[in-house]
Chemist: 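Below is the structure I would like to discuss, written out as structure tokens.
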Protein chains: 2
Amino acid sequence: MEAIKQRYSKQRETILEVVQSTLVHPNADWIYKETRKRIPNISLGTVYRNLNQLVETGRIIKLKDESMVRYDGNIGHHDHFRCAVCGKWYDVEMIDQAIIKSFAEKHDFQVESFHLELEGTCKSCLNS
Amino acid sequence: MEAIKQRYSKQRETILEVVQSTLVHPNADWIYKETRKRIPNISLGTVYRNLNQLVETGRIIKLKDESMVRYDGNIGHHDHFRCAVCGKWYDVEMIDQAIIKSFAEKHDFQVESFHLELEGTCKSCLNS
DNA sequence: CAAGCTAATAGTAATAGTTACTATTAACTC
DNA sequence: GAGTTAATAGTAACTATTACTATTAGCTTG
Ligand SMILES: [Mn+2]
Ligand SMILES: [Mn+2]
Ligand SMILES: [Zn+2]
Ligand SMILES: [Zn+2]
């Protein structure tokens, strides 16, 4: 089994920079539009293909929203709060490894990752 | 603002029974096929429309999988383990309200629900 | 219990997010 | 510099879900 060689591409690096430059947890279309400001003729297929590769190589994280996928350049472990009113995603820190370890000892699952998702109303939506 | 009157329909009740009768956390297509065994000419649109209504009225729960939505007839609070190998979802009990309450006190979010999702390899996939 | 109102249905068309395909380009190896 | 093939742009195809429409059937009222 040969290791797959991944060549450099300006498109991929730009996409990565775009995802890493924001806290909005963008979807593919947002990333596409933002990347086109820098590479005007980049195609949507290229964006999707590279987002998938970046997830596979662990350089970004994939999040499941209601009807689409979002991406996150923050690859350290953290959880999320999703506002049901405005749809925004916020980073939160809640669960630590210790809780998961104690779980793993009690069950027959081999836990590789975990993610807590909170839902509710964010502050700015509460104040309006 | 009038309350919306929801009429009885054999289709909706059957769909609910189907979702409640299984632990597989089925998607819409699975539910459609299963319901058709009891109501052979039910349409897929009817399944989707009723699943959405059942979620809105709190009689079933909606779960986000990779490329589709899954449904859960178990409406008591619980978390999930998803096997990355076989794709199966398992019920687990991990997070209690106390953890979330302490979080809510420290932040400006109004938390209405939360859900921990674990991912890894299930026992039967480990043994094969 | 028949008439009227309209929620719900079956069947189908449309939408949206994502993936697949293909000819061409360009990053890396030697 | 030539050869190999990963990556690209552009487009077609796919799939889960929603929207549309004529018809059916629960529920209310007299
Ligand atoms: Mn994040
Ligand atoms: Mn469950
Ligand atoms: Zn909000
Ligand atoms: Zn498994």
Side-chain angles (χ1 to χ4, degrees), chain A residues 1-19 24-57 59-72 82 87 89, chain B residues 1-19 24-57 59-72 82 87 89:
Chain A
M1 198 117 128
E2 282 284 319
I4 299 146
K5 281 165 208 144
Q6 183 163 278
R7 291 180 186 171
Y8 167 88
S9 91
K10 191 190 168 199
Q11 286 85 344
R12 186 185 300 126
E13 287 312 303
T14 306
I15 289 163
L16 178 58
E17 282 168 30
V18 165
V19 176
V24 304
H25 303 84
N27 64 6
D29 198 59
W30 189 97
I31 296 161
Y32 173 53
K33 285 181 178 129
E34 206 62 27
T35 309
R36 271 213 296 191
K37 292 178 185 170
R38 306 206 214 165
I39 305 172
N41 70 328
I42 194 171
S43 94
L44 184 57
T46 297
V47 171
Y48 273 105
R49 184 168 10 84
N50 280 297
L51 286 171
N52 283 338
Q53 275 188 229
L54 291 166
V55 170
E56 276 162 30
T57 56
R59 288 190 282 175
I60 64 174
I61 286 171
K62 195 174 187 172
L63 304 169
K64 292 172 278 183
D65 202 350
E66 288 293 286
S67 61
M68 69 195 140
V69 170
R70 286 171 175 262
Y71 297 91
D72 195 341
R82 186 167 56 80
W89 284 60
Chain B
M1 196 115 129
E2 281 285 319
I4 300 146
K5 280 166 211 146
Q6 183 164 276
R7 291 181 186 170
Y8 167 87
S9 92
K10 190 188 167 196
Q11 285 85 346
R12 185 184 300 126
E13 287 311 304
T14 307
I15 289 164
L16 178 58
E17 281 169 29
V18 165
V19 176
V24 304
H25 303 86
N27 64 9
D29 198 58
W30 189 97
I31 296 161
Y32 173 53
K33 286 181 179 126
E34 206 61 29
T35 309
R36 271 213 296 191
K37 292 178 186 170
R38 304 207 216 164
I39 305 173
N41 70 327
I42 194 170
S43 96
L44 185 56
T46 297
V47 171
Y48 273 106
R49 185 168 10 84
N50 280 297
L51 286 171
N52 283 338
Q53 275 188 232
L54 291 167
V55 170
E56 276 162 29
T57 56
R59 288 189 282 175
I60 64 175
I61 286 170
K62 194 175 187 172
L63 303 169
K64 292 173 277 183
D65 202 349
E66 288 293 287
S67 61
M68 68 197 141
V69 171
R70 285 173 177 262
Y71 298 90
D72 194 342
R82 186 166 56 81
W89 284 61

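Throughout, protein chains are lettered first and strands after them, A, B, ... in sequence-line order, and every chain is numbered starting at 1.
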Chemist: Is it true that A/W89 and A/D72 share a donor-acceptor pair across their side chains at a distance under 3.5 Å?
Modeler: no
Chemist: Return the value, rounded to whole Å, for the distance between atom CD1 of B/I42 and atom C1' of C/dT12.
Modeler: 16 Å
Chemist: Heavy-atom distance under 4.5 Å between the side chains of A/K62 and A/Y71, does that happen here?
Modeler: yes
Chemist: How long is the line joining OH of B/Y32 and C1' of D/dT15, in whole Å?
Modeler: 15 Å
Chemist: For the side chain of A/R12, counting heavy atoms from C-beta on, which of D/dA7, C/dG11, D/dA9 is nearest?
Modeler: D/dA7
Chemist: Which of these nucleotides, C/dG11, D/dT8, C/dT9, is closest to any side-chain atom of B/N41?
Modeler: C/dG11
Chemist: Return the value, rounded to whole Å, for the distance between atom CG of A/N27 and atom P of C/dA16.
Modeler: 13 Å
Chemist: Just how far, in rounded Å, is P of C/dT9 from CD of B/Q11?
Modeler: 5 Å
Chemist: Run the numbers on B/V69 and B/L51 for side chain to side chain contact (heavy atoms under 4.5 Å, CB included), then give the verdict.
Modeler: CA-CA 10 Å; B/V69 171; B/L51 286 171; over 6 Å; no
Chemist: Using a cut-off of less than 4.0 Å, is there contact between a side-chain N or O of A/S43 and OP1 or OP2 of D/dT8?
Modeler: no
Chemist: What heavy-atom pair brings A/Y32 and A/S43 nearest, and what distance separates the two atoms?
Modeler: CE1-C, 3.8 Å
Chemist: If you fit an axis to the five pairs at each end of the helix from C/dC1-D/dG30 to C/dC30-D/dG1, how big is the angle between those two axes, to 10 degrees?
Modeler: 40°
Chemist: Answer yes or no: is there a donor N or O on one side and an acceptor on the other, between the side chain of A/R36 and the main chain of A/L44, under 3.5 Å?
Modeler: no
Chemist: In the 5'-to-3' direction, what one-character label does each nucleotide of nucleotides 18-30 of chain D receive under the scheme B = base within less than 4.0 Å of a protein heavy atom, S = sugar-phosphate only, - = no such atom?
Modeler: B------BBS---
Chemist: Whole-Å distance between C/dG17 P and B/K64 NZ?
Modeler: 16 Å
Chemist: Would you call B/R59 and B/E13 a salt bridge, using N to O less than 4.0 angstrom?
Modeler: yes
Chemist: Keeping the roles fixed (side chain from A/R70, backbone from A/D65), state whether a donor-acceptor pair exists under 3.5 Å.
Modeler: no
Chemist: Tell me the interatomic distance from A/D65, atom CG, to D/dT17, atom C1', rounded to whole angstroms.
Modeler: 15 Å
Chemist: Just one of A/N50, A/T57, A/T46 clears the side chain to side chain donor-acceptor pair (under 3.5 Å) bar with A/R12, so which one?
Modeler: A/N50
Chemist: Would you mind classifying the nucleic acid contact of B/N50 as base, sugar-phosphate or nothing, using non-hydrogen atoms under 4.0 angstrom?
Modeler: sugar-phosphate
Chemist: To the nearest 0.5 Å, what is the distance between CD1 (A/I39) and NZ (A/K10)?
Modeler: 5.0 Å
Chemist: Rounded to whole Å, please give me the gap between CD in A/E13 and C1' in D/dA7.
Modeler: 13 Å
Chemist: Could you state the atom-to-atom distance from NZ of A/K33 to C1' of C/dG17 in whole Å?
Modeler: 13 Å
